Protein chains: 2
Amino acid sequence: MSDQTGAVAELVEQLGRLPGIGRKSAERLAFHLLRVSESEALALAEAIRRVRQDVRYCETCFNLSEADTCALCSDTSRDTTKLCVVEQPRDLMSLEQSGVFKGLYHVLLGRVAPLEGIGPDQLTIEALVDRVRTGNFTEIIMATNPTVEGDGTSLYISNLLSEFPVEITRLARGITAGSVLEYANREMIADALTGRQKL
Amino acid sequence: MSDQTGAVAELVEQLGRLPGIGRKSAERLAFHLLRVSESEALALAEAIRRVRQDVRYCETCFNLSEADTCALCSDTSRDTTKLCVVEQPRDLMSLEQSGVFKGLYHVLLGRVAPLEGIGPDQLTIEALVDRVRTGNFTEIIMATNPTVEGDGTSLYISNLLSEFPVEITRLARGITAGSVLEYANREMIADALTGRQKL
């Protein structure tokens with residue numbers, strides 16, 4: 001834009017690369033960052049720098065961590081007989097926020113997606129098999145996303161792990177708490193009926 | 001969050017302060033910034049830093065500028081007899097993108113908003129009056145937002161400028177191009193009728 005200074009145009013351009021941020025939103029955010037106190041604007045810049053500089057993957061479970069081993073893997077109060085397998089660190093965060101699971105995690109850093117050229121080798125599956133082989137896990141909970149690719153990844157991994165004396169489970173499926181049956185789709189209803197529980 | 005490293009939590013916190021970015025969006029953006037190449041993430045941090053370091057207000061019109069005088073004020077091909085008064089630099093940008101106006105601008109950096117404690121002294125109105133006094137403007141176009149406060153600000157300024165031999169105009173109001181009369185509200189229809197033009 002001829003009326004825009006280079007620095008503002010550059011900031012709009014960079015903000016516009018973020019997912020879900022269109023041109024207009026990027027402009028709005030850029031003007032916000034110009035209007036707030038300098039310290040607030042620079043705090044965001046610094047947070048981005050720091051996260052890229054300090055955060056890496058845990059060597060054990062591949063969760064995000066600022067140390068070689070993440071806080072969850074270092075926590076001796078966790079149940080080391082249960083291992084929950086998730087696709088991404090953000091999935092781990094969702095599960096952890098529920099507070100129900102007290103075991104350990106393993107982050108695959110993706111899912112098998114042949115159409116995108118993502119095979120099992122690009123995930124942390126080898127490390128997972130090693131953990132199951134050397135650990136004392138009794139249950140592996142597959143918590144991949146309930147999608148075709150997530151289900152496929154879980155199936156692939158459960159086949160690999162079938163040689164070990166562990167129970168392999170997956171998250172329950174059915175109707176969601178607070179939802180309305182009228183609007184549930186066919187798959188949800190089928191899952192809910194198939195997995196029906198005693199009252 | 002106990003499961004989040006400090007740096008990630010800090011980034012989520014900082015992103016969550018942006019307007020229109022809720023908790024979930026902030027988490028999504030943070031994970032995006034962790035997943036993209038380091039250079040792309042740092043380019044955003046650098047753009048924020050640079051915009052706060054290099055961008056200031058033009059000494060003449062208070063548009064954003066990386067020099068003491070902005071590109072528009074320095075442009076000798078602009079019509080120096082017409083001055084368009086806007087609230088914010090982003091309004092200037094919108095007008096400039098339309099390509100219709102070839103004169104100069106004056107950015108108020110806000111509007112008179114008594115309920116928020118913003119009086120005329122906090123805007124660049126004094127500088128505006130000086131420009132009109134010393135310049136050779138023949139027309140001042142009030143392009144504040146069509147809100148109660150924007151209209152009030154325009155009225156206040158037009159009273160101040162009434163002592164000078166300039167014509168004071170405001171943006172036309174009416175139905176918007178491409179809109180549907182059925183959904184136009186009462187004020188839009190009233191503006192359109194009051195300002196009706198010869199076909």
Side-chain angles (χ1 to χ4, degrees), chain A residues 1-15 17-21 25 27-36 38-56 63-67 70-72 75 88-90 92-97 105 109, chain B residues 1-15 17-21 25 27-36 38-56 63-67 70-72 75 88-90 92-97 105 109:
Chain A
M1 285 169 294
S2 63
D3 56 314
Q4 266 313 301
T5 63
V8 178
E10 170 69 14
L11 179 57
V12 170
E13 157 87 22
Q14 290 300 333
L15 287 167
R17 285 165 181 255
L18 295 174
I21 308 285
S25 297
E27 286 179 7
R28 198 163 44 93
L29 293 177
F31 283 116
H32 170 83
L33 287 168
L34 275 160
R35 210 169 42 227
V36 295
E38 182 153 6
S39 64
E40 185 170 337
L42 294 187
L44 173 56
E46 181 53 30
I48 296 170
R49 266 184 209 282
R50 211 188 120 207
V51 92
R52 291 304 304 225
Q53 187 185 302
D54 294 355
V55 176
R56 70 201 94 165
N63 182 21
L64 297 172
S65 173
E66 285 179 69
C70 77
L72 287 167
D75 185 348
Q88 296 287 358
R90 61 173 177 268
L92 184 158
M93 206 201 294
S94 289
L95 287 163
E96 198 54 15
Q97 276 167 1
Y105 290 95
L109 298 179
Chain B
M1 288 170 293
S2 63
D3 57 314
Q4 265 314 301
T5 63
V8 178
E10 168 70 14
L11 179 57
V12 170
E13 156 87 21
Q14 291 300 332
L15 287 166
R17 287 165 180 253
L18 296 173
I21 307 285
S25 297
E27 286 180 6
R28 199 164 43 93
L29 293 178
F31 283 115
H32 170 84
L33 288 168
L34 275 160
R35 213 169 40 228
V36 295
E38 182 153 4
S39 64
E40 185 170 337
L42 294 186
L44 173 56
E46 181 54 30
I48 296 170
R49 266 183 208 283
R50 212 187 120 207
V51 93
R52 290 304 303 225
Q53 185 185 302
D54 295 355
V55 175
R56 69 201 94 166
N63 182 20
L64 297 172
S65 173
E66 284 179 70
C70 76
L72 287 167
D75 184 348
Q88 296 288 358
R90 60 174 178 270
L92 183 159
M93 206 200 294
S94 289
L95 288 163
E96 196 56 14
Q97 275 166 3
Y105 290 94
L109 298 179

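Labels below follow one simple rule: chain letters A, B, ... track the order of the sequence lines, proteins then strands, and each chain is numbered from 1. Keep in mind the model is a prediction, meaning the values are calculated, not measured.
Considering only heavy-atom pairs separated by less than 4.5 Å from chain A, the leading option among B/L15, B/L29, B/L34 is B/L34. By number of non-hydrogen pairs under 4.5 angstrom with chain A, the leading residue of B/V36, B/L33, B/L44 is B/L44. Between chain B and the residues A/A47, A/A43, A/P19, the largest count of heavy-atom pairs under 4.5 Å involves A/P19.
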What's the verdict on side chain to side chain contact (heavy atoms under 4.5 Å, CB included) for A/M93 and B/E27, showing C-alpha distance, side-chain angles and the deciding distance?
CA-CA 10 Å; A/M93 206 201 294; B/E27 286 180 6; 3.8 Å; yes

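Looking at A/E13, neither its backbone nor its side chain comes within 4.5 Å of chain B, counting heavy atoms on both sides.
A distance of 11.0 Å separates CG in B/L18 from OG in A/S25, rounded to the nearest 0.5 Å. Atom-to-atom distance recorded for B/R35:CZ and A/Q88:CD is 6.0 Å, nearest 0.5 angstrom. Atom CZ of B/R52 is separated from atom CG of A/L11 by 10.5 Å, given to the nearest 0.5 angstrom.
For B/D54, the salt bridge (charged side-chain N to carboxylate O under 4.0 Å, His left out) partners two or more places apart in sequence, or in a different chain, are B/R50. Not counting sequence neighbours, the partners of A/R49 by the side-chain contact (heavy atoms from CB on, under 4.5 Å) test are A/E46, B/L42, B/A45, B/E46, B/R49.
Of all heavy-atom pairs between A/A7 and B/V55, the closest is CB-CG2, 3.7 Å.
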